[in-house]
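Worth saying up front: this structure is predicted, and the values here are computed from it rather than measured. Count residues from 1 along the sequence.
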Amino acid sequence: MAEPETKVPESKPRNDRSPWNWLLLIPIVVPVLTPIYNRDEPRLFGFPAFYWIQFLFILVGVGTTTIVYQMTKRGRRP
């Protein structure tokens, strides 16, 4: 005996074209601009600029990702 067909509710097509997504280019483009951090001075707690600016890039990436997530999330059901 064949199983009865169950209808799957149709969902709206996904639209990820939020202008907030453009912020995600910041953590991609800024580290490519090597003149920003290609130097030894100024030192921060004895670390050359190259190292502490790399850590700053991590914070910028986390910050922009968090902002984009918060601004583009939809109401989610648990």
Side-chain angles (χ1 to χ4, degrees):
M1 190 170 191
E3 293 284 325
E5 290 186 29
T6 57
K7 291 187 179 182
V8 177
E10 292 183 26
S11 61
K12 295 189 298 187
R14 194 170 160 178
N15 185 7
D16 290 335
R17 296 183 186 261
S18 172
W20 286 101
N21 290 339
W22 286 103
L23 280 180
L24 295 173
L25 286 176
I26 293 171
I28 295 171
V29 172
V30 172
V32 174
L33 305 173
T34 55
I36 294 173
Y37 58 92
N38 189 17
R39 57 181 183 258
D40 187 44
E41 298 290 333
R43 289 181 172 257
L44 184 64
F45 303 113
F47 291 101
F50 176 81
Y51 292 108
W52 61 264
I53 291 176
Q54 294 296 318
F55 285 114
L56 185 65
F57 289 157
I58 293 169
L59 296 176
V60 168
V62 169
T64 55
T65 304
T66 302
I67 290 169
V68 170
Y69 173 74
Q70 292 296 326
M71 300 307 288
T72 58
K73 71 178 179 180
R74 298 185 185 120
R76 301 187 199 281
R77 295 181 185 157

Only distances under 3.5 Å count here; give the side-chain donor-acceptor pairs of residues 20-32 to other protein atoms, sequence neighbours excluded, each with its distance to 0.1 Å.
{"unit_1": "N21", "atom_1": "ND2", "unit_2": "D16", "atom_2": "O", "d": "2.8"}

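Tracing side-chain contacts under 4.5 Å through hydrophobic residues (I, L, V, M, F, W, Y), one never reaches I58 starting from L44; they form parts of separate clusters. V62 and V60 fall into different hydrophobic clusters, where Ile, Leu, Val, Met, Phe, Trp and Tyr are joined by side-chain heavy atoms under 4.5 Å apart, directly or via other members.
Annotation: side chain to side chain donor-acceptor pair (under 3.5 Å) contacts involving residues 42-66, sequence neighbours excluded, comprise D40-R43. Within the structure, the salt bridge (Lys or Arg N to Asp or Glu O under 4.0 Å) test picks out no pair touching residues 57-70 (sequence neighbours left out).
Partners of E41 under the side-chain hydrogen bond (donor to acceptor under 3.5 Å, both in side chains) rule, at least two apart in sequence or in another chain, do not exist in this structure. Every residue two or more places apart in sequence or in another chain that forms a ring-ring contact (aromatic ring centres under 6.0 Å, His included) with F57 is listed here: Y37.
Residue R17 holds its CZ atom at 15.0 Å from OG1 of T72, rounded to the nearest 0.5 Å. Expressed to the nearest 0.5 Å, how far CD1 of I36 lies from CG of N38 amounts to 11.0 Å.
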